[in-house]
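Reviewing the structure listed below.
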Amino acid sequence: MAEREFKLYDTMTRQVRPLQPLEPGHLKFYTCGPTVYSYAHIGNFRSFLAADLVARTARALGWRVSWVTNITDVGHLTQDDVADAGGEDRMEKALKSKEGERFANVWDLAEFYTRAYLEDWARLNLSEPTVRPKATQHVREQILMALALVERGNAYETPTGVYFDVESQPDYGKLSGNTRDKLQEAVRDVVLDENKRRQADFALWKKDDKHLMQWFSPWGWGFPGWHIECSAMARAYLGDTIDLHSGGEDNAFPHHECEIAQSEAFTGKPFANHWMHVRFLQVEGEKMAKSAGNFFTVRDLIGEGFDPIALRYALISVPYGKPMNFTIQLLRDAEGNVGRFREARRRAAGSALLPSSSGAAPPADAGGDSGAELAANLDRIYDEALEAMCHDLNTSVAIAKALEGVKAVLREPSLDGSMGEAAVRFLDQVEALLGICPVERDDAGACETALIDGRAIESWIDERTAAKSAKDFARADAIREKLASEGIELRDSPEGTTWSRKPKL
RNA sequence: GGCGCCGUACCCAAGUGGUUAAGGGAAGGGUCUGCAAAACCCUCAUUCAGCGGUUCGACUCCGCUCGGCGCCUCCA
C-alpha cells in the first residue's frame with residue numbers, strides 16, 4: 001500500500017494537516033482524561049472516543065501507537081484564585097454530596113469513580129491505551145518540574161503557592177488566541193489574587209495543609225496545580241515533544257495553553273506538534289445540564305436498555321470537529337444499524353461450516369468465483385473507510401462505507417465458506433478501525449442491568465414454539481405480546497426463536 | 001470584547017471548484033414470512049439560509065445580511 005497520510009485538523013495552525021510523527025511510523029499521543037469525582041457523561045466519552053479513533057486509525061495504518069491518557073484523581077479547586085476561601089475542590093465537594101456519603105474519604109471516592117470510568121470505557125469498546133497514569137502517582141515529577149521552573153525564573157513562590165509567570169513565555173496564548181495582551185481586556189469578573197504578579201499566572205503548587213489530599217514539597221504541605229500533571233505525565237511517558245495532544249474543546253484554554261507554557265519553559269523544546277480538540281456535545285438541541293434533565297451518563301443509557309455499541313456508534317457518527325446534537329432518535333437509529341452488523345456476523349459465522357464454491361479445487365461453474373468477488377469488493381470498501389478516517393476522522397463517511405460492506409454481505413442470499421471468510425475479515429477490519437461490530441461475547445447484554453429471568457423467558461419461548469407447531473397461532477401471538485409488554489422482543493428464524501431487550505426510553 | 005464553529009431533503013448527516021449532491025432514519029411501494037421481526041429491491045433535494053462577487057464553471061473560494069451555537073481560568 002502506498003504511503004497514506006493521516007490528516008487531522010490542528011488547532012495550533014488552524015488547518016487540516018498531516019499528522020507527522022517525529023519518529024516515522026510511531027505515534028506518541030497524549031489525551032487529557034477525566035477528573036474522577038463523578039460518573040463520566042456521554043460528552044466526556046465523545047472526547048475519549050475521538051482519541052480512540054485516532055489510535056485505531058493510526059494502528060490501521062500500521063503505525064506503532066504510544067497512547068497515554070491520564071486519570072486526574074486529585075481534586076482541583078473550583079476557583080483557581082481563591083486558594084483559601086472555601087478551599088473546596090471538586091473531589092471534596094463530591095464527598096460531601098449525597099452520593100458521596102458512602103465513601104470513607106476522597107481516595108476512596110476517586111477509586112470508585114475510576115473503576116466506573118474504566119467500566120464505561122470497556123462497555124463503549126474503546127481500545128486500551130498504552131499507559132493510563134494517575135496524577136496522584138506522579139506528584140514527585142510534578143514537584144520536580146515546578147521546582148525547576150522556579151529555579152529558571154519561570155515561576156515564583158508566594159505565601160499561598162507557586163505560580164507560573166506567564167510573562168516569561170512571550171508566546172503564551174498561541175494555541176487559543178488568548179495572548180497576554182488580549183487576556184487583559186477579555187477578563188471579566190475573575191477574582192483577583194494579590195499573591196499573583198499577574199492575573200493570568202497559574203498555579204503549579206498550592207500550599208494547603210488542610211487539604212484532603214496533600215503531599216510534602218519544598219514549599220511545605222499542599223497539592224499540585226491542575227495543569228502541571230499533564231505536562232509531567234506526558235513527558236514521563238512520551239518524552240519532551242509529543243506528536244499529538246487531544247482533549248475537549250474547553251481544554252484548549254486555559255489547560256493546554258498552560259501545559260504548553262510550562263513544558264516548553266522546562267524543556268526548551270516544542271511540547272506537542274499537533275493539537276486536536278473535540279467539540280462539545282449537546283442533547284436534544286440544548287446544552288447538556290443536570291437542571292435541563294438531559295444529562296446522560298453512559299450507565300444511564302445502558303441502564304435504559306440501550307446497546308452500549310449503539311451508544312458508541314451514535315457518539316462517533318458525527319465527526320468530532322463539529323458540535324454534535326445527541327438525541328434519543330439518533331441512538332435508536334444507531335441500534336438499527338448496529339443490528340445489521342450483528343446480523344452480518346451471524347450469517348458469516350453460520351457460513352463458515354459450508355463448503356466453499358471456490359475451494360481448493362474450484363468447480364469452474366458458470367456462477368463464477370463470487371467469493372473472490374465479494375472479497376475484492378469488501379477490500380475496496382474497507383480501504384475507502386480507512387481513507388475517510390485519514391481525512392480528519394470523517395466518521396460519517398467511514399460508517400457509510402462500513403454499512404455499504406454490510407449490505408454487500410447481507411445481499412447475498414447465501415454465503416459459502418469463502419464468502420463467509422471474506423465477510424468475517426471485513427467485519428474484523430471494520431471492528432479494528434471503528435469498534436462498532438465486536439464479536440459477541442456470551443455474557444454480553446442480557447440480564448446485567450435489569451432483573452430479567454432468562455429461564456422464565458426460555459420456557460415461554462418453548463411454550464410458544466409448541467403452540468406454533470400445533471398451529472395455535474392465537475396462543476403463540478399472545479405469548480409474543482405478553483413478553484413484549486415486559487420489554488422482551490422475540491425474533492423467529494430458521495434456527496429457532498431468540499429474544500432481546502427493548503429499550504424503554 | 002477575544003477566539004472559533006455551523007446553517008444541505010420530514011429528521012440526522014457527508015461533500016478535498018467541474019461527470020447522476022454519499023450514507024442512515026422516517027415515509028410510501030414491493031419480495032419473503034402463519035403473525036411479528038430481520039433482510040433485500042424500488043421511490044424520496046433540477047437543489048445546498050439569503051444577497052452580491054471571483055471563475056469558463058461554486059454546495060464548495062471571497063464579502064455582506066439573517067439565523068443557530070461553543071469556549072474565554074479548572075466543565076471533555
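Residue numbers begin at 1 in each chain, while the letters A, B, ... track the order of the sequences.
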Looking across every strand, which nucleic acid part, if any, lies under 4.0 Å from [X] by heavy atom: base, sugar-phosphate, or nothing?
X         : value
Asn251(A) : sugar-phosphate
Glu404(A) : nothing
Gly247(A) : sugar-phosphate
Phe326(A) : nothing
Leu281(A) : base

What integer distance in Å separates [X]:[atom1] from [N]:[atom2]?
X         : N      : atom1 : atom2 : answer
His277(A) : C69(B) : NE2   : P     : 24 Å
Met12(A)  : C3(B)  : CE    : P     : 16 Å
His245(A) : A76(B) : NE2   : P     : 13 Å
Trp275(A) : C71(B) : CH2   : P     : 20 Å
His227(A) : C74(B) : NE2   : C1'   : 6 Å
Glu249(A) : C74(B) : CD    : P     : 16 Å
Ile328(A) : A26(B) : CD1   : C1'   : 17 Å
Tyr313(A) : G23(B) : OH    : P     : 13 Å

Considering residues at least two apart in sequence or located in another chain, which fulfil the salt bridge (charged side-chain N to carboxylate O under 4.0 Å, His left out) criterion with [X]?
X         : result
Glu128(A) : Arg132(A)
Glu404(A) : Arg380(A), Lys401(A)
Glu481(A) : none
Asp392(A) : none

Should the pair [X]-[Y] be classified as a salt bridge under the 4.0 Å nitrogen-to-oxygen rule?
X         : Y         : value
Glu343(A) : Arg347(A) : yes
Asp10(A)  : Arg17(A)  : yes
Glu431(A) : Arg345(A) : no

- Message: I'd like to check the side-chain hydrogen bond (donor to acceptor under 3.5 Å, both in side chains) partners of Asp379(A); sequence neighbours left out, ordered by chain and number.
- Response: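 Counting only residues at least two positions away or on another chain, Asp379(A) forms a side-chain hydrogen bond (donor to acceptor under 3.5 Å, both in side chains) with Arg425(A).
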
- side-chain hydrogen bond (donor to acceptor under 3.5 Å, both in side chains) against Asp300(A), all qualifying residues, sequence neighbours excluded: Thr297(A)

- Task: Return the nearest nucleotide to the side chain of Thr35(A); candidates are G24(B), C71(B), A76(B).
- Result: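 Nearest nucleotide to the side chain: A76(B).
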
- Message: Heavy atoms from C-beta onward define the side chain here; which of G23(B), C74(B), A76(B) lies closest to that of Ala400(A)?
- Response: G23(B)

Could you please name the partner base of [N], counting Watson-Crick and G-U wobble pairs only when both distances are under 3.5 Å?
N      : result
G18(B) : C56(B)
G63(B) : C51(B)
C40(B) : G30(B)
C3(B)  : G70(B)
A9(B)  : none

- Tell me, please, which residues at least two apart from His255(A) pass ring pair (Phe, Tyr, Trp, His ring centres under 6.0 Å).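 Residues passing ring pair (Phe, Tyr, Trp, His ring centres under 6.0 Å) with His255(A): Trp226(A), His227(A).
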
- Query: So which one's nearest nucleotide on RNA chain B is more toward 5', Gln282(A) or Asp250(A)?
  - Reply: Gln282(A)

- Note on the structure: On RNA chain B, more 5' by nearest nucleotide between Ala334(A) and Lys287(A) is Ala334(A)

- Task: Considering only atom P, compute the distance from C12(B) to C69(B) and round it to an integer number of Å.
- Result: 14 Å

- Between A14(B) and C59(B) - C1' atom distance, rounded Å: 12 Å

- Query: Just by protein heavy atoms under 4.0 Å, how would nucleotides 29-40 of chain B read 5' to 3' in B, S and -?
  - Reply: -----BBBBSSS

- Task: Can you check each nucleotide of nucleotides 4-21 of chain B against protein heavy atoms at under 4.0 Å and return B for base, S for sugar-phosphate only, - for none, in 5' to 3' order?
- Result: BS------SSSSB-----

- Stacking between Phe280(A) and the base of G70(B) (centre distance under 5.5 Å, interplanar angle under 30°)? no

- Task: Classify the side-chain pair Trp499(A)/Glu458(A) by whether it contains a donor and acceptor separated by less than 3.5 Å.
- Result: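 On atom types as modelled, these side chains qualify, holding a pair under 3.5 Å.
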
